[in-house]
Visitor: 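Here it is: the structure, laid out below.
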Amino acid sequence: MTPTTTYQPANLHADTTATRVLSAVRITWVLTAIVFLLWLVFNALNAVPSVDDFCYGYGEHVHGLVGNVIDIYHHWSGRYLSTFLISGFAGSAHLLLQHYYAVPFFILLLNLIATIHFVRAFAQSRFFMVLGFFVLLMTFFQLRQSLFWLSGGATYGVACGLFLLLITETVKVYTNQAVLTPARVGLMSCGALLLAGCNEGAMLANIAFLGSLTLAYYLREHDKRLGWVLLAAIIGGLIAGLAPGNFLRAALMPDKANILQAAWLALDLIIRRYLFAFLALVVLWRIFMELFPFKNRLSRISRPDTITIAIVLFAALWAGIFARAYIMGDLGPSRTKTQDFMLIIVMAFFIARFTYLNYLAQPDQPGLSWQRTYGIAAITVLMIGLLATFITYPHKSWREVIVQVQASQDLHSFMQQRFATAQASTDGKLQVSAYSRHLLPITFFSDITADPTHWENRCFSDYFQLREVVTKPQ
């Protein structure tokens, strides 16, 4: 006779306590995520145009939309999609000065759509999983320059969303979750062409990603159709990369490293700057999958396929950084890290997903598995750490975010008054007060100077049809 296992009251009490703790952690996490998103919305409503926005807007006034894309292509940059988006929006003074919030909202929406598409393909279309992925993506977004600024957002924030969509579709095809129909090939090819026009890093990263996965797909399936998407990415890369403006701009840069030095530097930067973040994200994804377990059975991605996907994502990360290492000898402006972290988040997700589905997931049983217990402990430590930094390092933690939450609203009001003054000016010369707050808000802003010939002053004065604009002496 098979013995029947019974639970003692102490065990039942422990199970009930553990379940309550788990529920409290889930609720705390969800509420924190929602507050974070509300904070993003608040700042998005108070974003203001700055520097390059006025340059591209004035160019659209002079040359027209298509004409400005061509002019920038010949004299500054081959980023045809970002130039088109910036010029199209900034060319309308009504949009730029009165409805600038549409910029971060569009970037948020694009990346949310990409997140939902990714989660539906490789996790589950559940509220918690979508919320978790999107919040994690936005947490590592370089918000000031990739979300709250038109010129940076159209170049890197849009690229992040487009790239995530392309990664999703390509991996779906590779793992046989989607049929490579002519319509899908066409859409993916269009996406590759658009992504190539955002920035050089995204263009090279996508070519490396598609090239590696297309080869692996052909060797396994003997199917060449994914090569059409790769061809589109290469054509887009040639159009963007061979722009005359790129060579003119490169002449202004300091001496560049040679190709071998840049290749090694890119690898070195990944190890020094991103390795810890990758390992931490793998652990974080595992904790998240234990706290919010999958309800339905998911298709498993084999170990060889998981390794292949991780390798091609790493190749994409390396290729994107290589472009910056070659030109600038470093990772470049902070906005460039937006697409880097997206690739790292996705790479960590696939590794964590594989371990969850194949090795560490436990069958349902009373109480918490050791993984969930570890997750609760880790999140508790993390929350305590954040609280400690909030108190101890006020200018390097969340305290700055919370205390300065009104700063973006103050800047918005300040700039609206400046715009009204500029539009009302009749003598062609304008002297305005400089923004005096020492600590800038999370929204992007770079003020004009006391020098009327400075390029930022020139762009501002040209946009508002002024002869010159300067700041008042302090």
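Just so we're clear, the structure is a prediction, and the values are computed from it rather than from any experiment.
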Visitor: Side chains of Phe141 and Phe341: does their closest heavy-atom pair fall under 4.5 Å?
Guide: no
Visitor: Looking only at the aromatic ring of each residue, does the gap between the centers of Phe54 and Phe460 stay below 6.0 angstrom?
Guide: yes
Visitor: Answer yes or no: is there a side-chain heavy-atom contact under 4.5 Å between Met342 and Phe140?
Guide: no
Visitor: Throw together a table of side-chain donor-acceptor distances under 3.5 angstrom for residues 189-199, partners on residues two or more places apart or in other chains.
Guide:
unit_1	atom_1	unit_2	atom_2	d
Ser189	OG	Val185	O	2.7
Asn199	OD1	Gly201	N	3.1
Asn199	OD1	Ala202	N	2.7
Asn199	OD1	Gln339	NE2	3.1
Asn199	ND2	Thr155	O	2.8
Asn199	ND2	Gln339	OE1	3.2

Visitor: Answer yes or no: is there a side-chain heavy-atom contact under 4.5 Å between Val51 and Phe444?
Guide: yes
Visitor: For a 4.5 angstrom cut-off between non-hydrogen side-chain atoms, does Ile270 reach Phe314?
Guide: yes
Visitor: Would you kindly say whether Thr175 and Asp305 are connected by a side-chain donor-acceptor distance under 3.5 Å?
Guide: no
Visitor: Asp462 side chain to Cys55 main-chain N or O, any donor-acceptor pair under 3.5 Å?
Guide: no
Visitor: Supply the atom-to-atom distance Leu210 CG to Met188 CE, rounded to the nearest 0.5 angstrom.
Guide: 6.5 Å
Visitor: Could you give the distance from CD1 (Ile301) to OG1 (Thr308), rounded to the nearest 0.5 Å?
Guide: 11.0 Å
Visitor: CE of Met415 to OG1 of Thr443: how many Å apart, nearest 0.5 Å?
Guide: 10.5 Å
Visitor: Between Val229 and Thr170, is there a side-chain heavy-atom distance shorter than 4.5 Å?
Guide: no
Visitor: Could Asp340 and Arg324 be called an ion pair, given the rule that one side-chain N must be under 4.0 Å from one carboxylate O?
Guide: yes
Visitor: Under a 3.5 Å cutoff, is there a donor and acceptor pairing between the side chains of Thr338 and Ser146?
Guide: yes
Visitor: From Lys172 NZ over to Gln177 CD, what is the distance, rounded to the nearest 0.5 angstrom?
Guide: 7.5 Å
Visitor: Is there a donor-acceptor pair closer than 3.5 Å between any side-chain N or O of Ser82 and the backbone N or O of Arg79?
Guide: yes
Visitor: What is the ring orientation for Tyr326 with Phe322, classed by angle as parallel under 30°, tilted 30 to 60°, or perpendicular over 60°?
Guide: parallel
Visitor: Against Phe122, only a single residue in Phe350, Phe349, Tyr174 fulfils ring pair (Phe, Tyr, Trp, His ring centres under 6.0 Å); can you say which?
Guide: Phe350
Visitor: If you compare all heavy atoms of Asn246 against all heavy atoms of Glu200, which two are closest, and at what distance to 0.1 Å?
Guide: OD1-OE2, 4.1 Å
Visitor: What's the verdict on ring-ring contact (aromatic ring centres under 6.0 Å, His included) for Phe118 and Phe133, showing C-alpha distance, side-chain angles and the deciding distance?
Guide: CA-CA 9 Å; Phe118 181 88; Phe133 193 102; 5.0 Å; yes
Visitor: Compare all side-chain heavy atoms of Ile321 with those of Tyr274 and state whether any distance is below 4.5 angstrom.
Guide: yes
Visitor: Taking the six-membered ring for Trp, are Tyr73 and Tyr80 ring centroids under 6.0 Å apart?
Guide: no
Visitor: Taking CH2 in Trp264 as the centre, count heavy atoms belonging to other residues, nucleotides or ligands within less than 6.0 Å. Is the count above 12?
Guide: no
Visitor: Can you confirm whether the side chains of Ser87 and Asn68 place a donor and an acceptor under 3.5 Å from each other?
Guide: yes
Visitor: Determine, for Tyr463 and Arg458, whether the Lys NZ or Arg CZ falls below 6.0 Å from the six-membered ring centre while staying within 45 degrees of the axis.
Guide: no
Visitor: Between Tyr101 and Asn46, does a side-chain hydrogen bond (donor to acceptor under 3.5 Å, both in side chains) hold up when you go through it step by step?
Guide: CA-CA 7 Å; Tyr101 57 83; Asn46 289 287; over 6 Å; no
Visitor: Just verifying a value: how many Å separate Leu147 CG and Leu108 CG, rounded to the nearest 0.5 Å?
Guide: 4.5 Å
Visitor: If we only count heavy atoms from C-beta on, is the Ile442 to Trp39 side-chain gap below 4.5 Å?
Guide: yes
Visitor: For Asp451 and Thr449, does a side-chain donor sit closer than 3.5 Å to a side-chain acceptor?
Guide: no
Visitor: So does Ser50 get a backbone contact from the side chain of Trp149, meaning a donor-acceptor N/O pair under 3.5 Å?
Guide: yes
Visitor: Might you confirm whether atom CZ of Arg272 has over 12 heavy atoms from other residues, nucleotides or ligands at distances under 6.0 Å?
Guide: yes
Visitor: Taking atom CZ of Arg286 and atom OH of Tyr356, what is their separation to the nearest 0.5 Å?
Guide: 7.5 Å
Visitor: Would you call Tyr218 and Arg225 a side-chain contact if the rule is heavy atoms closer than 4.5 Å?
Guide: no
Visitor: Answer yes when Glu169 and Arg120 have at least one side-chain N-carboxylate O distance shorter than 4.0 Å, and no when they do not.
Guide: no
Visitor: Which heavy-atom pair separates Leu313 from Ile167 by the least distance, and what is that distance?
Guide: CD2-CD1, 4.0 Å
